[in-house]
Amino acid sequence: MDDLQQTMTELSQALRSPDPVVRDERAYPALRALIPRLEPQQRLELGDAMAERFEDPQIQARTFAPLILAALVEQGSYAPHWVAAFARWYPAERDLRGYDGELGWLHAVAHGADLLGALGLHSPADPAALLELGAARMLAPAGQLWDAMEDERLGYALARTLTRPELTPAQSVDWLDAVAADFLAGEPGPVPYHASNTLRTLWMLALCAERGVRTERHGDGERRQLTHREAVRGRLVEVLAIISPYLA
């Protein structure tokens with residue numbers, strides 16, 4: 001095993017660590033920085049290992065895998081079975097803690113959103129299916145409010161996906177039908193956690209539709225408009241108005 005392969009293997013294993021210093025502060029940035037130096041086959045091997053982690057019994061192993069997959073996709077690596085594994089895990093994950101006092105950042109929703117956005121912008125994955133996956137994550141039963149900016153990360157990921165040029169007007173809005181049906185089925189009383197999470201995510205998406213979407217999360221990079229901006233804006237208003245009676 002050459003030195004680069006050995007380093008990749010060691011960092012990949014450290015990314016499973018329950019120690020947040022080992023995992024989040026050391027292994028994750030080091031492994032992400034290593035990716036551009038890897039050979040194409042090594043990147044595929046790393047991606048396969050991360051895709052398998054979606055079935056890992058340890059929450060921190062599951063939730064850090066999408067960050068590395070996102071970095072791989074942004075570097076041009078891609079495999080359809082990565083998307084399939086992600087799609088099975090993302091809406092099904094029930095441990096939605098943002099931060100844990102012992103394990104540190106877990107952030108299943110936010111880290112998954114980063115992968116969804118990377119796939120939406122940088123891969124040949126079907127953008128319509130990615131939008132439906134985002135809706136499935138929002139509408140899945142939730143035992144808590146997203147309190148660590150998960151809604152912003154997911155709204156941004158959906159917006160990135162909605163810049164794909166091959167999307168039709170119908171594909172850009174049809175995924176919102178499931179959200180509308182869920183809102184319409186609501187009953188008087190406290191707003192369910194998942195509905196509040198969804199509402200705030202869609203408000204973030206509405207802002208991105210209005211202002212445009214930065215292709216990179218940080219900095220002043222290129223800003224793109226949604227491919228069917230007016231259709232999305234109109235449908236968002238219709239859906240948001242179902243549960244937000246103050247919307248004119």
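By convention here, the first residue in the shown sequence is residue 1. Only heavy atoms go into these numbers, but all of them, side chains included; no hydrogens, no water, no symmetry mates.
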Would M8 and L46 satisfy side chain to side chain contact (heavy atoms under 4.5 Å, CB included), going step by step from the backbone distance to the final call?
CA-CA 8 Å; M8 182 186 78; L46 179 59; 3.9 Å; yes

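- The minimum heavy-atom distance linking N197 with A142 is given by the pair ND2-CB, 4.0 Å.
- With a 6.0 Å radius and a threshold of 12 heavy atoms from other residues, nucleotides or ligands, R211 has its CZ atom at or below the threshold.
- Remark: the backbone N or O of A92 is not paired with any side-chain donor or acceptor of R137 at under 3.5 angstrom.
- To the nearest 0.5 Å, the span separating CG on D147 from CG on L96 amounts to 10.5 Å.
- The side-chain heavy atoms of S12 and M50, taken from C-beta on, include a pair separated by under 4.5 Å.
- The shortest side-chain heavy-atom distance between L139 and V179 falls under the 4.5 Å cut-off.
- Contact check for R235 versus D177: side-chain heavy atoms found under the 4.5 Å cut-off.
- Contact record, L130 with L116: O-CD1, 3.5 Å, taken as the closest heavy-atom pair.
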Go through the steps to decide whether Q5 and E45 satisfy the test side chain to side chain contact (heavy atoms under 4.5 Å, CB included), and finish with yes or no.
CA-CA 10 Å; Q5 183 77 27; E45 291 173 5; 3.3 Å; yes

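- Judged by distance alone, the side chain of Y156 and the main-chain N or O of R214 form a donor-acceptor pair under 3.5 Å.
- L72 is listed as a side-chain neighbour of I35, based on a closest heavy-atom distance under 4.5 Å.
- Under the 4.0 Å criterion applied to side-chain N and carboxylate O atoms, E230 and R233 are assigned as salt-bridge partners.
- In this structure, I59 is not a member of the same hydrophobic cluster as F54, with clusters built from ILVMFWY side-chain heavy atoms closer than 4.5 Å.
- Under the 4.5 Å side-chain criterion, counting only non-hydrogen atoms from C-beta, L119 is in contact with F86.
- To the nearest 0.5 Å, the span separating CG on L131 from CD on Q171 amounts to 8.5 Å.
- Cluster annotation: W203 is connected to F183 through the hydrophobic network of ILVMFWY side chains, with a link wherever side-chain heavy atoms come within less than 4.5 Å.
- For the pair T161 (side chain) and A157 (backbone), a donor-acceptor distance under 3.5 Å is present.
- When atom types are taken as modelled, the side chain of T201 and the backbone of L154 share no donor-acceptor pair closer than 3.5 angstrom.
- Ion pair R32/E74 flagged as a salt bridge, since at least one NZ, NE, NH1 or NH2 atom sits closer than 4.0 Å to an Asp/Glu carboxylate oxygen.
- With Y90 contributing its side chain and A136 its backbone, the two residues share no donor-acceptor pair below 3.5 Å.
- Proximity of H194 to D182: side-chain heavy atoms (C-beta onward) are separated by under 4.5 Å at one or more points.
- E150 places a side-chain N or O within 3.5 Å of a backbone atom of A148 that can act as its donor or acceptor partner.
- Here the closest non-hydrogen pair linking V73 and S123 is CG1-CB, 4.0 Å.
- When all heavy atoms of R62 and P57 are compared, the pair lying nearest together is NH1-O, 3.2 Å.
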Side chain to side chain donor-acceptor pair (under 3.5 Å) for Q41 and E39? Distances and angles first, verdict last.
CA-CA 5 Å; Q41 183 58 39; E39 296 295 329; over 6 Å; no

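- One hydrophobic cluster holds both L67 and L44 under the rule that ILVMFWY side chains link at heavy-atom gaps under 4.5 Å.
- No path of Ile, Leu, Val, Met, Phe, Trp and Tyr side chains, each step under 4.5 Å between heavy atoms, connects V109 with L106, placing them in separate hydrophobic clusters.
- Atom OG of residue S196 and atom CH2 of residue W146 lie 10.0 Å apart, to the nearest 0.5 angstrom.
- In this structure, H107 and H111 have perpendicular ring planes: the angle between them is above 60°, well past the 30° mark.
- Geometrically, R23 engages F64 in a cation-pi contact defined by less than 6.0 Å to the ring centre and at most 45° from the axis.
- In this structure a side-chain-to-backbone donor-acceptor pair under 3.5 Å is present from R160 to T215.
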Derivation of the side chain to side chain contact (heavy atoms under 4.5 Å, CB included) call for L158 and M138:
CA-CA 11 Å; L158 292 166; M138 289 188 289; 4.2 Å; yes

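- Annotation: side chain of P20 is not in contact with side chain of W105 (no heavy-atom distance under 4.5 Å).
- Here the CD atom belonging to Q58 is positioned 9.0 Å from the CG atom belonging to L103, to the nearest 0.5 angstrom.
- Closest approach of R43 to S77, counting heavy atoms only: CD-OG, 3.3 Å.
- Annotation: the span from E25 atom CD to D19 atom CG amounts to 8.5 Å, rounded to 0.5 Å.
- Atom CG of L202 and atom CG of D151 lie 10.0 Å apart (nearest 0.5 Å).
- No side-chain heavy atom of R223 sits under 4.5 Å from any side-chain heavy atom of V213.
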What verdict does the side chain to side chain donor-acceptor pair (under 3.5 Å) test give for T63 and R53, after you've listed the backbone C-alpha separation in whole Å, the side-chain angles of each residue and the deciding distance to 0.1 Å?
CA-CA 9 Å; T63 62; R53 296 243 175 119; over 6 Å; no

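- L167 and S172 make their closest contact through CB-OG, 3.7 Å (heavy atoms, listed as atom of the first residue, atom of the second, distance).
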Given the rule in the side chain to side chain donor-acceptor pair (under 3.5 Å) test, do D48 and W82 qualify, once you have shown the distances and angles that lead to the verdict?
CA-CA 7 Å; D48 287 351; W82 298 353; 2.9 Å; yes

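- A salt bridge links R164 with E166; the closest basic N to acidic carboxylate O contact falls under 4.0 Å.
- The hydrophobic clustering, which links ILVMFWY residues whose side-chain heavy atoms are closer than 4.5 Å, places L69 and L34 together.
- Salt bridge present: E222 and R224 bring a charged side-chain N and a carboxylate O closer than 4.0 Å.
- The number of heavy-atom neighbours closer than 6.0 Å to CD of E55, taken from other residues, nucleotides and ligands shown, is 12 or below.
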With side chain to side chain contact (heavy atoms under 4.5 Å, CB included) as the criterion, how do T163 and Q225 come out once you've worked through the C-alpha distance, each side chain's angles and the decisive distance to 0.1 Å?
CA-CA 6 Å; T163 65; Q225 295 297 332; over 6 Å; no

